[in-house]
**Student:** 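Structure in structure tokens, see below.
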2 protein chains.
Amino acid sequence: MYFWENYFFVTRSEENYIKTIFHLGDNSSDLVSTNAIAEQMDTKPSSVTDMAKKLAEKGFVNYKKYQGVSLTDFGINTALSIIRKHRLWEVFLVEKLDFSWDEVHEVAEQLEHIKSEKLIDSIDALLDFPKYDPHGDPIPSKDGKFMERHKQLLSDMALKTEGVCVGVKDTSAAFLKFLDKNRIALGNTIKVLEKEDFDQSLHIQMEGKELHISHQIASNLYIKKND
Amino acid sequence: MYFWENYFFVTRSEENYIKTIFHLGDNSSDLVSTNAIAEQMDTKPSSVTDMAKKLAEKGFVNYKKYQGVSLTDFGINTALSIIRKHRLWEVFLVEKLDFSWDEVHEVAEQLEHIKSEKLIDSIDALLDFPKYDPHGDPIPSKDGKFMERHKQLLSDMALKTEGVCVGVKDTSAAFLKFLDKNRIALGNTIKVLEKEDFDQSLHIQMEGKELHISHQIASNLYIKKND
DNA sequence: ACAAATTTTTAGATTTGTCTAAATTTTAAT
DNA sequence: ATTAAAATTTAGACAAATCTAAAAATTTGT
Ligand SMILES: [Mn+2]
Ligand SMILES: [Mn+2]
Ligand SMILES: [Mn+2]
Ligand SMILES: [Mn+2]
């Protein structure tokens, strides 16, 4: 049994668990629960327990029985590398192959598991080192650093404030297609004109034109306020 | 249990067996033996027998106990689709990401299993529908047709005949790097000047310059004779 | 504080793909 | 035509990843 067999081989399934744990444990450093992982991954809690033990064994997570798991530094680096690949492939599909932003996620779920450092670094260079993916999510650099933009939900913006649309919270194909149909795209300028108390819908100005949008939409669009 | 679950889902392992059976059964329509598959795939004959039954069950092969397997039409189409993906990805890596021809095979072995018709068709278009991969092997079209070039081994060419180097038989990284070092590349013009009876080595003219090459090399280079 | 509800783990089974060792069939040699 | 050798299959086992059902621990509600 060689060194790399113990420490560096990661299965596709392990990678998916690590990525999910990263996303669920995002901004809080406390433990991620078995049930939360099971629900997110559409699997059973008992399967999660088994995998938690294996991931702990391999050094990706700290596992406290009945409490949950948290990623180790090694686990965080592994997660960032997978997320980097996922988001770079999404950019590639949109920029080089004319995929629309609602089509890229499923394919990226496969491509993120391809193991070749040279491949992903070349894709990165081909794309001229993009900082954000097609949904506005930041792309970790080779050494795991990335800039989360200062952004807020459109539904949380004050009246009269202006900004630029920089991301989506809901990344479902249905929502993304809806945005396309209504000419709402990342990079668009936005100004909040009026808020309707009754249903929290908004009157906004987008790229010059006036628009009425529901709370459902506004609470899934990220805006970066103008300085 | 849905239709597509029975008939269209193919695992990575099944795909690798199908591809191997295709290559081993190439120009002869007779059965491919269990041992040949096992040796090629670096696995055990008993594993091959198990898989042969499963592939027969799924309609990819005809399996005759103790005789071997042959691909069905469905199996051939499946194999061609995998080979198409493999070779298109190899071209992509060389043409768009500046990989050298000795680096592409391992990555293509992973990429060939990505399931997205739109993805591979877009890659095909991006590359302007190449007919051959970096090693000179033909790329099947979407509907499974491809042109095998009329070619012969350099070692089989008659004296004084001229041609163009169009492929390699040995695709090992060691051989490909050797060719690079000696400035032997696909597309080069070649003329056989002299054959040495003693060791079957050749004096050739390549792109104007004279060159001495061993039988080992000559018997792994494919040449298309000039009309 | 203690019972009830919820969460999590364990025990045991299943599927996929693999292995070793033994049995069977085919092929080759005398 | 037998026998020996080689190829192939079967039987039984194992690791990975999952599941169901039951047991154990934790959390919640009064
Ligand atoms: Mn995605
Ligand atoms: Mn994304
Ligand atoms: Mn190849
Ligand atoms: Mn090739």
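Order of the sequence lines sets the chain letters (A, B, ...), proteins ahead of strands, with each chain counted from 1. Since we're looking at a predicted model, the values are computed, not measured.
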**Student:** Within less than 4.0 Å of OP1 or OP2 of D/dT9, is there a side-chain N or O belonging to B/Tyr63?
**Tutor:** yes
**Student:** Please confirm whether the shortest side-chain N or O distance from A/Lys65 to OP1 or OP2 of C/dT10 is below 4.0 Å.
**Tutor:** yes
**Student:** According to a strict under-4.0 Å criterion, is B/Lys44 in side-chain N/O contact with OP1 or OP2 of D/dT9?
**Tutor:** no
**Student:** Under 3.5 Å, side chain of A/Thr72 to main-chain N/O of A/Phe60, donor-acceptor pair present?
**Tutor:** yes
**Student:** Answer with base, sugar-phosphate or nothing: what part of the nucleic acid does A/Thr34 contact at a heavy-atom distance below 4.0 Å?
**Tutor:** sugar-phosphate
**Student:** Quick one: do B/Glu106 and A/Lys118 make a salt bridge, cutoff under 4.0 Å?
**Tutor:** no
**Student:** Could you tell me how far apart B/Lys64 (NZ) and D/dT9 (C1') are, to the nearest whole angstrom?
**Tutor:** 17 Å
**Student:** Would you kindly give the CD1-to-P distance between A/Ile37 and C/dT7, to the nearest whole Å?
**Tutor:** 14 Å
**Student:** Please report, rounded to the nearest Å, how far the C1' atom of C/dG17 is from the CZ atom of B/Phe9.
**Tutor:** 13 Å
**Student:** Starting at CD of A/Glu14 and ending at C1' of D/dT18, how long is that distance when rounded to a whole Å?
**Tutor:** 14 Å
**Student:** Between D/dT26 atom P and A/Leu31 atom CG, what is the distance in whole Å?
**Tutor:** 14 Å
**Student:** Quick one: on DNA chain D, does A/Pro45 or B/Ser33 contact a more 5' nucleotide (nearest heavy atom)?
**Tutor:** B/Ser33
**Student:** Would you say D/dA16 has OP1 or OP2 under 4.0 Å from some side-chain N or O of A/Ser13?
**Tutor:** no
**Student:** Any salt bridge linking B/Lys151 with B/Asp156? Criterion: basic side-chain nitrogen under 4.0 Å from a carboxylate oxygen.
**Tutor:** no
**Student:** Under a 3.5 Å threshold, yes or no: a donor from one side chain and an acceptor from the other, between A/Glu90 and A/His135?
**Tutor:** yes
**Student:** Return the nearest nucleotide to the side chain of B/Tyr66; candidates are D/dC19, D/dA25, C/dT25.
**Tutor:** C/dT25
**Student:** For the pair made of CG in A/Asp50 and C1' in D/dA15, what is the distance, rounded to whole Å?
**Tutor:** 13 Å
**Student:** Among D/dT10, C/dG17, D/dT18, which is the nearest nucleotide to the side chain of B/Lys53?
**Tutor:** D/dT10
**Student:** Donor-acceptor pair under 3.5 Å: do we get one between B/Ser46's side chain and the base of C/dT20?
**Tutor:** yes
**Student:** Round to the nearest Å and state the distance from A/Glu39 atom CD to C/dT7 atom P.
**Tutor:** 10 Å
**Student:** Counting only side-chain N and O atoms of A/Asn35, is one of them less than 4.0 Å from OP1 or OP2 of C/dT8?
**Tutor:** yes
**Student:** Let me know the distance between CZ of A/Arg12 and C1' of C/dG17, rounded to the nearest Å.
**Tutor:** 16 Å
**Student:** When you get a sec, tell me which of D/dT26, C/dT18, C/dT10 is the closest nucleotide to the side chain of B/Tyr17?
**Tutor:** C/dT18
**Student:** Please state whether the rings of B/Phe92 and B/Trp89 are parallel, tilted or perpendicular, taking 30° and 60° as the class boundaries.
**Tutor:** perpendicular
**Student:** Does B/Thr49 have a side-chain nitrogen or oxygen under 4.0 Å from the phosphate oxygens OP1 or OP2 of D/dT9?
**Tutor:** yes
